[in-house]
Structure formats: structure tokens, C-alpha cells
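Atoms within each ligand, like the ligands themselves, are counted from 1 in listed order. Quick note: residue numbers are just sequence positions, from 1. Heavy-atom basis, side chains included; hydrogens, waters and symmetry copies ignored.
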Amino acid sequence: MSTDYYEILGVARDATPEQIKKAYRRLARELHPDVARGDGAEERFKDVSRAYEVLSNPEKRAMYDRGVDPAAPGGGAGGFGGAGFGFQDIFETFFGAAPGAQRGPVPRARRGQDALVRLEISLADAVFGARREVQVDTAVVCPTCQGSCCRPGTSPRTCEVCGGRGVVQRVARSFLGQVMTSSPCGACQGFGTVIPDPCPECSGDGRVRSRRTLTVDIPAGVDTGTRIKLTGQGEVGPGGGPAGDVYLEIRERPHETFVRRGDDLHCTLPVPMTAAALGTVVELDTLDGPVQVDVAPGTQPGAVVVEKGLGVGRLHVGGRGDLHVHVDVQVPTGLDDEQVELLRRLAELRGEERPPARLAPVSSGVFAKLRDRLAGR
Ligand SMILES: [Zn+2]
Ligand SMILES: [Zn+2]
């Protein structure tokens, strides 16, 4: 049976799209598996469908007219079943090399991969920035062959199989006649050269693994998850190719007394009830050293004293966040007789022996404070 799509559809080579459509409809009605009985009807239906698929599409039809069957089985995107070569070969034969197709030898040296290194820092490092030494374990250029992959004193030799072109061509036969196809040379893996005497240190890879110490300036303001790029410090590529980059991923260790929220620091300062009532000055040990914190007379539980500019350095923009000192007023316990007497006297003087059972409005009570604190106010 014919393999010519025009013959299968029974139309002339110069048939119009309308004529092709008409022919297909007639044949499809006749041969449809739901209708047709008899030997070969199903096969013929498939042939007709394939012929129509190609001839109804102007691009595919033009291709077919040039001798290329875009619908042929066995070639992935097309190709000639059984002829032993793929669509790309045919494509190259007719249209020159396809995008990405290999034309000449490929370079032996290729860019290396990026490397990720995790680095744990203290809160102080994040606040002020720091210079740190970081150990990285990556491929580096082989010191013995300097990336040439050859034993010192020897050099690569032109591949005899492909003559240095990195590709081999062969002639295949098809119904189109002789077709030239090309594929990467197996003897040299497409490099065009072979290494007769590989470097003994790197086994001809041009690179070896090495542990190095890098000095890194960590800017103030980095946070857990921040990545710092160290350009060109990553893995050297095969054949001593250019190195990838190193990414330092920061993890900030939690601090014992300070909590970080963005660029601000928060801490809790316990203050005795008497000091909160009378007011006092507390010397606070901050990351910047001792700082005098003013607790005003009548400071309430949960009050916040803001120390401007004692927070975390701001990444990229400069300046620093603030330190929020949360005052935790401590009610005295374990009072002796004298202290009880004093407090009774104080209560008397303030008329607070029997405080009124008056509820605070929600907007000013402890829940409002809690909400404000959660909202970071
Ligand atoms: Zn080497
Ligand atoms: Zn070769």
C-alpha cells in the first residue's frame, strides 16, 4: 500500500487545502472504525488521519514536499522509522544545524557549580556586622596541571577519529537518497582532543578538592536566612573551568536576654514595685555596653522604655533600630512585720484599704496592652 500522503488521500500534489479537507472527510466517513468493517479498514483510517494531519498543516506540508515526513514514527519529533537517524539529523541536512546542535569541538573547561555554606553568627555579629573566617570545601584548579588535565610536560592530542572537529559524520541512505548526519565524536566525547597522559593528581579532571579559609565581612543587619554571595569562590568546573559562587547562608543564634524583631531589640527589665513608684535609674548591660535606663516615677507594669539607636544595624540603608526595654514591675513578697506595717500605712494614706470594685474599660486594660505588644506597638 502507498506511503505517499497525496496518494493516500487521493489528491493531486497541487491540491488546495479545501480539496484536501474534502478528500479527508469522505475517506474518514468511509473508514471510521465505528462504521467500517473488514480487513485493514482500521489501518487505513490511521494512514488517512496521519496524511491529513501533515497535508492540512501548511508548515508540515511544505516540509513533506521537501522530502521530510514530520509525522513519521520512531523519531520522537519525527524522523524516518528504521532508517536509524533522528529528526535532528534530517533537520540539519535540510536547514543547517538546529539551535543547540553541535557543530565543532566543545570546550573541555566548563563553569563550576555554586556552593552553599551555612554560617552561624551571634546576635552581636548581626547587630554590628563582623569579619569572620569561613571554611569552604570545594574543587579548586589542580595545582599540578593548572587545569590542563595533562601530566606535566605532556599536552592534549588532536583526536584521530574526528580530526579535531569533535563531531563525526556519516552517510545514511533513505528514500531521499544519501543523507549526511553528524553526532558528537565518541572517541573524544566531542572535545576534539584526547589526553594521552592524564595528570596523576586530578586523574585528568583539571581540578581537585580542597579546604580553604575565606575571610568574609558580614554586614550589620543580616538575619537568619540571609545569603551572602562570594563571587567566584565556588566549585571550579571540569577541565579547570571558571568557578561558581559560594553562598553563605546566615543563621543567627538566639540570645539569652535580647530578642530581635526586625531591626529592633527587645528585653525585659524587672523593677521592684517601690522603684517603679518612686522612679529610678537602672544601669543596663546592653550589646553596646552599660547604658543608664530611666524608669520614670509611676512606671506601670508592661511600660516600655525605648533607647533610640541601640537596635540592629539596618542592612543596605544604614542606621540602627531601637532597643525596647519592657518594664516588669515586681510586687514584693515575703514581707516582714515592719514592711507590712509600712504598706498598711501607705494604703491608709492613699485610701486604698478597700479598693473600689471598678472594672477597667477593655481599651485601657491588660488585654489592650497585650494586644499592643503583639502588634509590636
Ligand atoms: Zn591535574
Ligand atoms: Zn574525536
Any side-chain donor paired with an acceptor under 3.5 Å for [X] and [Y]?
X: Thr215; Y: Arg131; result: no
X: Arg61; Y: Tyr6; result: yes
X: Tyr5; Y: Asp65; result: no

Decide if atom [atom1] of [X] counts as having more than 12 heavy atoms of other residues, nucleotides or ligands within a radius under 6.0 Å.
X: Arg344; atom1: CZ; value: no
X: Asp336; atom1: CG; value: yes
X: Glu160; atom1: CD; value: no

Legend entry - Hydrophobic cluster identity match, Leu269 and Leu123, side-chain contacts under 4.5 Å: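 Per the 4.5 Å side-chain linkage, Leu269 and Leu123 are co-clustered.
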Inset, instruction - Kindly work out whether a path of hydrophobic side-chain contacts (I/L/V/M/F/W/Y, heavy atoms less than 4.5 Å apart) joins Phe191 to Val168. - result: no
Inset, instruction - Under 2.8 Å from the Zn ion (ligand 2), how many protein N/O/S atoms do you get? Just the number, please. - result: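 Protein heteroatoms (N, O, S) closer than 2.8 Å to the Zn ion (ligand 2) number 4.
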Inset, instruction - Going by the salt bridge (Lys or Arg N to Asp or Glu O under 4.0 Å) test, name the single residue among Lys308, Arg261, Arg260 that passes it with Asp322. - result: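 Of the listed residues Lys308, Arg261, Arg260, the salt bridge (Lys or Arg N to Asp or Glu O under 4.0 Å) partner of Asp322 is Lys308.
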Legend entry - Residue and atom names of protein N/O/S atoms that fall under 2.8 Å from the Zn ion (ligand 1):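 Cys142 SG, Cys145 SG, Cys199 SG, Cys202 SG, with waters left out.
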